[in-house]
Amino acid sequence: MTTSPAVAERAAAERAATAAAVRGPLLLGVRHHGPGSARGVRAALDAAAPGVVLIEGPPEADALVALAGHESMRPPVALLAHAVDDPGQAAFWPLAAFSPEWVAIRWALGHGVPVRFIDLPAAHSLAMAAQEKAADAGEEEAGPADEAAGGEGTHEAPDVERTDGPAAEGLRVDPIAVLAEAAGYDDPERWWEDAVEHRGRAEDPLAPFAEVAEAMTALRERYGDGGHRRDLVREAHMRLRLRAASKEFGEFADGGGVAVVCGAWHVPALASKAAVAADKALLKGVPKVKAELTWVPWTHRRLARTSGYGAGIDSPGWYGHLFEAPDRPVERWLTKVAGLLRQEDRTVSSAHVIEAVRLAEALAVMRGRPLAGLTETVDAARAVMCEGSDVPLALITDRLIVGDALGEVPDDAPAVPLQRDLTRRQRALRLKPEALERDLDLDLRKENDAARSTLLHRLALLGIGWGEPTAGRANTGTFRESWRLCWEPELRVRVAEAGIWGTTVLAAATARAESAAVSATALVEVTGLAEKCLLAALPDALPVVMRALADRAALDADVGHLAQALPALARYLRYGDVRGTDTAALGEVARALAERVCVGLPPACAGLDADGAEAMRGHVDAVHTAIGLLPPAGDGEDSGDGQDAGGGEGGLPGRWAAVLTKLAGRESVPGVIRGRAARLLLDGGRLADGEAARLMGLALSPGTPPADAAAWIGGFVGGTAGGGMLLVHDEHLLALVDTWLTGIPAAAFPDVLPLLRRTFSAYEPGVRRTLGEVVRRGPGGGARPAVESTVPGFAPGIDAKRADAVVPLLTLLLGRETPAPPSSDSLTGETS
């Protein structure tokens, strides 16, 4: 479509008239991230055609502004500044597609007009923020101006760097709220929509900015600057930059022209005629650090006020829609809502959309609004599409009103070497960062999935929480892993922080693990670190961690600490071969820990109170499981099928069985531990026939206090799987429990009941029901007909042929030599 010469001539005349009407710089006061302000800025720039565009932002970003015109740059994005010596001291300046500053940058790049940032340099703002944080924490003031201020800095400095009013800096005045209240509105967002977002295009594109400037001037005259030196310093620097640009490019009346896009709150200060000397005096002595800047992806979710962002908005997704919709925004919006609900398998038809649009428009008329806004569309969607439920409405709020858009930046944007290596790894493994949470299931037998797992574990060790293992789905100790991934913009700061450890993910994770091993003080910390090194495939760090582990283990005499440290090592030794990691050194340390536990556990279990005994029972269970997972050290290691209850056969399992035997028979050991030791021996086949009944009989003898007897029962049949079925199948043991229980004196029964209830309530309903049937029948109470089953649903006897058929399969699974098939007599317990 071509423009006629007459139309082009008239447009040029209008621009010339507009430029001639401007005296001095063109000050365009905006609301950050306001689509109405963004449209107004574009119209004003088209009309005024300035020679340079100045934007509120750190001047160090002047060198990066050209990247905003790159074809692969897609908002939302942010300028990230961080201190070179302390990457954790960082600040963001976010920009969305509907941000006036972004529109001004794109307009200038499209028209070949220079763009410059005029706010306080990031080198100063970072140092001032750190200084203020130290002061708030009661720490000493920062050092000299050329040194970084103390403290870790903030990851969300836009709270102070990007505010269109004083509210985000701790002032009591929110200019938008004050203007809304003056107009008779109780909701600032609703007033902004009515006054700006739903306002038609003005005949004079500069008129709206003149009105905003007049309103802000009145507010500044009434409330001043709030006493915050930060605003005064920032505005002094802006005026100096503005004067320099005006000298270089002239004023509009002289054929050049300077346009300034800044927060509306700053317009009166920039229009004032402050002396140059006064502005320089305000900037004298401002602290400074060495800073670096780059572009990073941002998200709509991080633009939201609920994220803690000081200049945030309530509805980034809605504002983006208002900026992009060419016409009929309500109809297009509710169509989006319908599409989202259909994706979630909710029945929403075109008739629902039509009725929702009608309701939204009717609500706008009733409320006296020029156009249906977000409030009306939400009310209409809830009533028509959500059937009055807030559950689907929460989905609409999360996905559409706030949104999960994630921006992109060009590959040639400046970045720390670690970030570049991470980006390469992400692409090679086809792991694209996404703002929306998603689950990732990995099969470690596949090369790509194993590499993905390694990368995620290395990042976790570096404190870059891109992914977290899913507790409910991850299969610990197997070849499968489940992760939940969610990329947050702040992770770029974490990457920059981790850059001090190395230039690649592997090098950084290795150095970080070695440092953590040296500085660790607790044994369990080092064992956890060893497991992380194995999961992250860090062979160079493992020797350092192993030395630290051996040193801590040699110095730590607390059996509880040793017991806590052992399971992680045993777990990896059992299942770590999936990753192909050499675990020989780890195996030696684990077996040494197990030996020390075997030596120190019996004396550590004596004289414990109830809480200590319960905690020690957990340690006993953990060590028992860990020793079962530890591979044998050599041919002489007991494989776990020895029959000597005292562990006379040698080997770690035998020695552990001897420890359990000591615990089960010592009167000084609390009942809960003695009961658990007896149960573990019984499960391992290390108790002779009738020995379990003998131990139970001793524990439940009349001379034993009821509370101690109940603790023994809790240790024996509680906590472990199959405790209820043991009593179901061994009616002799059940009879002992039943006889003891019925003989408890009435005065002692209330003290015993809570422990018994806790023990037996853990059984599955079917087990409890079967136990009740057996008790009702009377355990050991007489002979039954031969055809009656011991347990309902089971045959009265053993089918020897069917039992023999299982043996070859068990032999194959266990990897043992095929034994001779057992005789039917051996299966029934008789001597063949």
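What you see below is based on every heavy atom in this structure, not just the backbone, and it leaves out hydrogens, waters and symmetry mates.
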Side-chain ion pair, R241 and D62, N-O less than 4.0 Å: yes

Any side-chain heavy-atom pair of V495 and L462 under 4.5 Å: no

Spacing of T299 atom OG1 and L436 atom CG [to the nearest 0.5 Å]: 11.0 Å

Enclosure of E434 CD (heavy-atom neighbours >12, cutoff 6.0 Å): yes

Closest non-hydrogen atom pair, V258 against A245: CG2-O, 3.8 Å

CG-CE distance between L109 and M73, expressed to the nearest 0.5 angstrom: 10.0 Å

Donor-acceptor under 3.5 Å (H321 side chain, P329 main chain): yes

Note: R243-D279 ion pair, threshold 4.0 Å (strictly below): yes

Presence of salt bridge, E248 and R116, under 4.0 angstrom: yes

Donor-acceptor under 3.5 Å (E60 side chain, A122 main chain): yes

Nearest atoms (heavy-atom pairs only) where P410 meets L67: CG-O, 4.2 Å

Interatomic distance, T294 atom OG1 to L79 atom CG [nearest 0.5 angstrom]: 8.5 Å

Closest contact, heavy atoms only, A38 versus S99: CB-C, 4.1 Å

P297 versus V409, closest heavy-atom pair with distance: N-CG1, 3.8 Å

Note: R301-D398 ion pair, threshold 4.0 Å (strictly below): yes

V41 and V30: CA distance, side-chain angles, deciding distance, side chain to side chain contact (heavy atoms under 4.5 Å, CB included) verdict: CA-CA 8 Å; V41 164; V30 301; 3.6 Å; yes

Gap separating the CG atom of D119 from the NE2 atom of H124, nearest 0.5 angstrom: 11.5 Å

Parallel, tilted or perpendicular, as decided by the 30° and 60° cut-offs, for the rings of W318 and W333: perpendicular

Chi angles and distances behind the side chain to side chain contact (heavy atoms under 4.5 Å, CB included) call for L418, V505: CA-CA 6 Å; L418 181 61; V505 176; 4.0 Å; yes

H70 (side chain) donor-acceptor with S72 (main chain) under 3.5 angstrom: yes

Mutual orientation of the aromatic rings belonging to W295 and W102 [parallel < 30°, tilted 30-60°, perpendicular > 60°]: perpendicular

A269 backbone acceptor or donor facing S272 side chain under 3.5 Å: yes

Spatial distance of atom CH2 (W466) from atom CH2 (W487) [nearest 0.5 Å]: 6.5 Å

Salt-bridge present (R399, E437; N to O < 4.0 Å): no

Any donor-acceptor pair under 3.5 Å from Q89 side chain to L126 backbone: yes

Close side-chain approach of I105 and V53, heavy atoms under 4.5 Å: no

Derivation and outcome, side chain to side chain donor-acceptor pair (under 3.5 Å), residues E221 and T217: CA-CA 6 Å; E221 291 175 353; T217 300; over 6 Å; no

Candidate pair W107 and D46, rule side chain to side chain donor-acceptor pair (under 3.5 Å), full reasoning: CA-CA 9 Å; W107 183 93; D46 284 338; 2.7 Å; yes

Any donor-acceptor N/O pair, R39 side chain to F98 backbone, under 3.5 Å: no

Shortest non-hydrogen separation from S37 to F209 and the atoms involved: O-CZ, 4.3 Å

Nearest atoms (heavy-atom pairs only) where A180 meets D187: CB-O, 4.4 Å

CA sep, side-chain torsions, deciding dist, call: V77, V296, side chain to side chain contact (heavy atoms under 4.5 Å, CB included): CA-CA 6 Å; V77 293; V296 297; over 6 Å; no

OG-CZ distance between S125 and R230, expressed to the nearest 0.5 angstrom: 6.5 Å

T423 side chain to Q419 backbone, donor-acceptor under 3.5 Å: yes

Side-chain donor or acceptor of E497 paired with backbone N/O of P87 under 3.5 Å: no

A274 backbone acceptor or donor facing R239 side chain under 3.5 Å: no

Pair I118-I55, side chain to side chain contact (heavy atoms under 4.5 Å, CB included): steps then yes or no: CA-CA 6 Å; I118 63 171; I55 296 176; over 6 Å; no

